[in-house]
Amino acid sequence: MYKIVIVDDDMLIRKGIRNVIRWKDLECEICAEASSGDEALKVIEEVKPDIVITDIKMPNMDGIELIDRIKKIIPQCKIVILTAYREFEYAQRAIKYGAFDFLLKPTKVEDIINVVQKAINEIKKEKTIVEELEKINSILKEKLPILRENFLFNVIFEMISNEDEILQMATFYEIEIGSFLMILAECSTKEERGRQNTHLYLLGISNMLNDFLSFDFTIYTIYLNNSQAVYIVSSKKELEKEEEKRFFELLSQLKKAAVECFNIDLTLAVSTWGRGIVQLPDKYKECIDAINYRFYFDEEDIIYYKDLSHFFMYVDDRKLKNLKNEILLSVRYGNYSNINNLLLELEETLKKSKADKQYIFNFYYLLLIEINMIKAQLSSAINKPDNQEMFESIDYFNEIIKCKSLSELSNILRISIQRTIEEVQKHNLNKMGSLIKKVIDYIKENYHSGEISLSEISEKFFVSPSYLSRLFKKETGKNLSDFINEYRIEKAKQLLLTTDLKTYEVADRVGIPDPHYFSRLFKRYTGYSPSEYKEGAKLKGEKVSE
């Protein structure tokens, strides 16, 4: 039952409202009455009504103040104002301040019933929305660990590049990353049975990290594949030198414990300190750099990126980085036209740089790894994380060290690039065709709805309006709005010839409720008004419904 409180300084009005209506038939009960604003507030705080019917003018309290104070006690309460005609403007102000509706005195019984039913419908609607939101929040809470991991995966691989979007989504997924280290773990085992369980070992390492470090750190885990995982170790405060030293000692103990516990070969590559979620991609690249130099280190060591500078002297590689970025952009966007020129320029630049052989091998190896990362992103985008066909089966490192010239290195790179670009182009073509087909099907099913539009369809299919507009034009040769209008006009022509509906009824049937606009649109696309079109069909001897 919906609880109602009546507030009026006139007892006859209160009793009249209470007794003149069969409140049970409306699923309501009058749970209290009050003769003043002060008395009303005490009653309302006690009984928490769903609806308050109140006079706007009462002793000791202004109507606007009463509404404001009720809303602070019960924000969802529906307040119906009783007012005389001369107070009409005052009642309108009350609506702006939170009143649900108003009734003019003298009030008719049917008017009270109607406004109460209207309030009840609004309460039901709000309750449904709240229940749906609670359901969504419950599902979100249940799925949050998976959603959080997928989001961090996308950030690491730069599938989301807009910083504002990243920060906004991090807040939504309740991710707080301050000062952090990234650890890339790669585990393997010589036993055949153990190879099938490497993902479980990675989970075990994640649990051990939490056991060892959770008192001062927050750990986020991202599983890359069956043998690799990334652990983001975020500190709750800046570490002093001694604290950092103890942290690295704990990490060494953890690695030793994991190796002994699971009987596995485990490599840990550790980035330098980063700050904030937007630095995740850079720190992941540091981990990749570090793990690719593992053959220089004892198996028992943890590889720290900060130590690499003591082993290798790199050339000034600004131009090389620019070339690498251009190559990766061409691969990412499926553009093969300038790849040959870029690879030739890369060869020439490396020759002129006088870089040593090991540096060149490393450069090509890392570039091939990043091309494979693009394949990983593509696989994730089409929801096929285990799609092995997309990944190279080549052992890059062994293939590279066999090369005797830069041209041989470029050939390995060219083959990998070509295969990746073919996958990107195929994905883009499939995606475009599939999306536009779905949009056209949606238009044909919903053309009669007046709400259908570019923005509504864009929201439906999770793409931006500008992107959908360009893509639709490219795929069909027509603007989306023209396509919708043409389809509606074609349906209207059929209705004009096969039914006895009036023009305004036809307009409404095809989703254009304004008959004047419909007539103008009809003439624009056919050259005739609806009536002229119908008459023309009769003159041609076509069968037309009268």
Between Glu158 and Tyr284, is a side chain to side chain donor-acceptor pair (under 3.5 Å) present by the stated rule, with each step listed? CA-CA 10 Å; Glu158 298 181 278; Tyr284 178 70; over 6 Å; no
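- Atom CD of Glu46 has 12 or fewer neighbouring heavy atoms from other residues, nucleotides or ligands inside a 6.0 Å radius.
- With sequence neighbours excluded, the residues satisfying side chain to side chain contact (heavy atoms under 4.5 Å, CB included) with Glu242 are Lys245, Arg246.
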Between Lys285 and Asp289, is a salt bridge (Lys or Arg N to Asp or Glu O under 4.0 Å) present by the stated rule, with each step listed? CA-CA 6 Å; Lys285 286 168 187 170; Asp289 280 350; over 6 Å; no
Give every donor-acceptor pair under 3.5 Å between a side-chain atom in residues 272-283 and any protein atom, sequence neighbours left out.
unit_1 : atom_1 : unit_2 : atom_2 : d
Thr272 : OG1    : Lys283 : NZ     : 2.7
Thr272 : OG1    : Glu286 : OE1    : 2.8
Thr272 : OG1    : Glu286 : OE2    : 3.2
Trp273 : NE1    : Glu244 : OE2    : 2.5
Arg275 : NH1    : Ser179 : OG     : 3.0
Arg275 : NH1    : Glu238 : OE2    : 3.3
Gln279 : OE1    : Arg275 : N      : 2.9
Lys283 : NZ     : Trp273 : O      : 3.4
Lys283 : NZ     : Glu286 : OE2    : 3.1

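- To the nearest 0.5 Å, the span separating CZ on Arg414 from CG on Leu343 amounts to 5.0 Å.
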From CA spacing to verdict: ring-ring contact (aromatic ring centres under 6.0 Å, His included), Phe247, Phe217: CA-CA 10 Å; Phe247 170 80; Phe217 300 89; 5.0 Å; yes
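- Checked against a 6.0 Å centroid threshold, the rings of Phe361 and Tyr365 do not count as neighbours.
- Glu399 and Tyr364 share no side-chain donor-acceptor pair at under 3.5 Å.
- For the pair Lys478 and Tyr487, the cation-pi criterion (under 6.0 Å, within 45° of the ring axis) is not fulfilled.
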Let's go through Tyr220 and Phe180 carefully: what are the C-alpha distance in whole Å and the side-chain angles of both, what is the deciding distance for ring-ring contact (aromatic ring centres under 6.0 Å, His included) to 0.1 Å, and is it a yes or a no? CA-CA 11 Å; Tyr220 298 99; Phe180 74 93; 9.8 Å; no
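- Judged purely by atom type and a 3.5 angstrom limit, Glu243 uses its side chain to pair as donor or acceptor with the backbone of Glu240.
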